[in-house]
Amino acid sequence: MKKISCLLGFLFCVQGLFATDGHQLWLRTGKTIPVKISCDRHSPVLDIAQAELLQRWSGKENATITLAIKKDKWIQGDGFRLHPNGVEANTELGILYGVFELLRRQQTGRLFDDEVSNPSYQLRILNHWDNLDGTIERGYAGLSIFWRKEDPFTVTSEDMKRWKEYAVANASIGINGAVLNNVNASPLMLSADYLTRVKAIADVLRPYGIKTYLSVKFSSPALLGGLPTSDPLDPAVRAWWKKKAEEIYQLIPDFGGFVVKANSEGQPGPQDYGRSHADGANLLADALQPHRGIVMWRAFVYNPSEKDRARQAYSEFVPLDGKFRNNVIIQVKNGPIDFQPREPFNPVFGAMKKTAVMPEFQITQEYLGQSVHLVFLSPMWEEILKSDTYQGGKGSTVARVTDGSINQQKNTAIAGVSNIGLDTNWCGHPFAQANWYAFGRLAWNNSLTSEQIVHEWITLTFYQDTIRETIASTEWNLNFLAPVKAMMLESNEAAVNYMMPVGLHHLFAADEHYGPGPWWAPKNVRSDWTPPYYHQADTAGLGFDRTTNGTNAVSQYHAPLASQWSNLSTCPEMYLLWFHHVPWTYSMRSGRTLWGELCYRYDHGVQQVKDFQKTWNQVQRYVDTATFMAVQNKLQLQTRNAQLWRDACLQYFQGYSRMPFPSDIEQPMENLQDIIRNDMKKRR
Ligand code: GCV
């Protein structure tokens, strides 16, 4: 009896004491250990740095930490130097970032002696696709933290509290900008009432080093200003933007600038007036320039008449290289289509030499299982950042052509489409927090490995004081850290396997972008929004021919990639069906036929998720009950959804391959007609 109650007591201790709702993110506050701080200046930023140290210090009791602003030629921008007695930086924000790094080192046990850390990008920005009515386009974690439908202009203490927590979380990983509204922007964003609310948000974010930016609708001069046109060369339009910029800077002197989605998916733009993207971007750049604001002009453009959507951004933007003002940055999605589970890098990265280009990653999992699937996105971003564009010869990686290492550019930047909302745990899935974290860490240092990032995140998030006190670190490392790390690092490839292996892309049923629908092609929908446009399955084979025999999109890449990728035998198999229409019986490197390989990959993806379930079930002892149950339930749903992907895609493609399922894979659990019928029912 005594034994049982001891055991229960232990379980209660482990399960009960560190119960968490996830709201603290990776910023846990454990026991307070006193620390002395020597800092000879006061300012809002430095006061925050000191408060963070006092609140989260977990080093030697009563140690003295010096925070010093000193000129140091090795430190760039808001970088910092860490040394055993403190932090040095050229700027106050450098001190703040250094303090967060110091705390992270303590909590993750990574030692340092004397180390300088400089940011890879000057601007590290979250894009919120938040609408003014509080909904979020592609948001899966509740409503907006910035906007709401009812009583939209009152700023409550709850609002301020959230914005402050948001600012702390971002500053802790070096994020220094937030675009507060959807790129499908409402013209009302620039109205006086909304700008007053933007000012309130900016005032809260400022001491944490976060600048505010807005997405703007290109036709605002007509829609909001009542002008007869929004033509970028019209003097009245130019005057309108200039005045609007002045109004904004009156309210928010350090306002960052605008993001623009123009002539894309129905949004207005300069082409509506026979003008170019450069005319449009330069109009706004000129209005912002006196205030040192910037324009992030998106290259996400495609129209239904183009034979291959993947070619379009390059065709429209590369001829304009050198025609943009130097406060314009072209914001380019990582791949040429749209945040698919796997894409080769966008060829625009390798092609622009005289215009600043910035990567746009998607943190919210629009195409990767939303807030249901556990998918750690850092390996995908790492793969893109490390891809060699060969722009200036070997070693011209996407990271280096965008961070200023290769091309001289006034501004360097990176953006991530945020995954946060009003959900208590911010991101819906407890593990989706890792994607927010990873984006910030890679934006600060684009050569970090996913392994390092995930190690930090797991330790910061799960290695609570109560665990430290009751469980030996060797046990925790072996039984929790190692398996959970392995699961997270494998999760992106698993999703590629069960959704779109071997270079397949955009196989989603309908616009919700969640479940499989390789058959989905309603008559009233643009063909480049339907899966058959992308997979091109027929009885001869599968895949989109982007070689010279097809659309020749492969020629948008530099040598040697163009020839490597256009040759079936040298094309990496992960991009095979992206660039080639491949016979079903084609022999893959594994020795299987293409059909056999597809069957193997889809099934392997399902087995990987089943293994994640096993991994998670074995770590129950180290996680609080609420988090454990939430993740367990989501993994169950993920397994079911992965099975559905496999069953739907393989049976549909079998209609073309006419080849049998290999006997060593799990056979489909649901028949294709039932899957399609259920899918239709859901949509009715
Ligand atoms: C904000 C995709 C998404 C849209 C998104 C668009 C974009 O098409 O499905 O929701 O719109 O990308 O990035 O502009």
Side-chain angles (χ1 to χ4, degrees), residues 125-141 143-144 146-147 178-187 189 213-219 258-269 271 277 280-281 295-304 306 308-310 312-313 316-317 329-341 343 346 348 357-371 377 381 384 414-421 439 499-500 505-515 517 520 525-531 533-534:
I125 302 176
L126 285 186
N127 282 199
H128 292 270
W129 286 355
D130 295 18
N131 299 310
L132 298 183
D133 65 0
T135 58
I136 304 181
E137 182 152 352
R138 311 304 178 185
Y140 312 102
L143 294 172
S144 170
F146 299 120
W147 317 110
V179 183
L180 304 180
N181 63 314
N182 192 354
V183 288
N184 291 327
S186 161
M189 185 69 260
Y213 299 76
L214 294 176
S215 298
V216 295
K217 198 170 197 81
F218 194 76
S219 52
F258 296 147
V259 177
V260 191
K261 171 174 177 178
N263 294 120
S264 162
E265 299 187 330
Q267 291 299 320
Q271 293 172 347
H277 286 292
V295 176
M296 289 168 278
W297 190 270
R298 297 175 86 227
F300 177 65
V301 293
Y302 61 100
N303 69 45
E306 173 73 44
D308 182 0
R309 169 174 169 181
Q312 200 160 342
E316 284 192 29
F317 280 86
I329 314 187
I330 306 301
Q331 182 165 319
V332 181
K333 289 191 181 184
N334 55 268
I337 298 287
D338 192 9
F339 301 134
Q340 297 302 292
E343 299 189 39
N346 196 318
V348 176
V357 172
M358 61 187 280
E360 176 180 318
F361 291 152
Q362 195 180 41
I363 309 171
T364 188
Q365 292 167 237
E366 173 181 357
Y367 295 102
L368 279 135
Q370 302 174 4
S371 54
L377 300 173
W381 300 332
I384 294 289
I414 186 165
V417 181
S418 158
N419 63 349
I420 73 155
F439 170 75
M499 286 184 179
M500 287 168 235
H505 47 292
H506 223 305
L507 302 186
F508 297 93
D511 182 50
E512 69 196 17
H513 298 163
Y514 181 73
W520 189 76
V525 170
R526 279 169 64 157
S527 73
D528 57 353
W529 286 348
T530 70
Y533 173 96
Y534 297 97

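These numbers come from the heavy atoms of this one structure, side chains and all, not from hydrogens, waters or symmetry mates. In this text the structure is predicted, and so the values were computed from the model without any measurement. First listed ligand is number 1; within each ligand, the first listed atom is number 1.
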Identity and separation of the nearest protein heavy atom to [atom]:
| atom | answer |
| --- | --- |
| atom 6 (C) of ligand 1 | Glu265 OE1, 3.3 Å |
| atom 3 (C) of ligand 1 | Glu366 OE2, 3.2 Å |
| atom 12 (O) of ligand 1 | Lys333 NZ, 3.0 Å |

Query raised in the report: Hey, which of Asn131, Thr364, Asn182 is the one that makes side chain to side chain donor-acceptor pair (under 3.5 Å) with Glu137?
Result: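 Only one option passes, and that is Asn182.
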
Once you restrict to heavy atoms under 4.0 Å, what part of Val183 touches ligand 1? Side chain, backbone, both or neither.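 Under 4.0 Å from ligand 1, Val183 contributes side-chain atoms alone.
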
(message) Side chains of Gln267 and Phe300, heavy atoms from C-beta outward: is any pair under 4.5 Å?
(response)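 Answer no - side chains too far apart.
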
Should Trp129 be counted as touching ligand 1, given the test is an N or O pair under 3.5 Å?
->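 For ligand 1, there is no N or O atom that lies under 3.5 Å from one belonging to Trp129.
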
Please determine if Arg138 has a nitrogen or oxygen closer than 3.5 Å to a nitrogen or oxygen of ligand 1.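 Right, the criterion is met.
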
| request: Could you check whether the rings of His506 and Tyr534 sit parallel, tilted or perpendicular, using 30° and 60° as the cut-offs? | output: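 His506 and Tyr534: parallel rings.
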
### Query
Is it the case that Tyr533 and Arg526 place a side-chain donor and acceptor less than 3.5 Å from each other?
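Arg526 and Tyr533 do not have a side-chain donor-acceptor pair below 3.5 Å.
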
Looking only at side chains, do Asn263 and Glu316 share a donor and an acceptor under 3.5 Å apart?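 Side-chain D/A pair, Asn263 to Glu316: absent.
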
By number and element, which atoms of ligand 1 are closer than 4.0 Å to a non-hydrogen atom of His513?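 Answer for ligand 1: 9 (O).
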
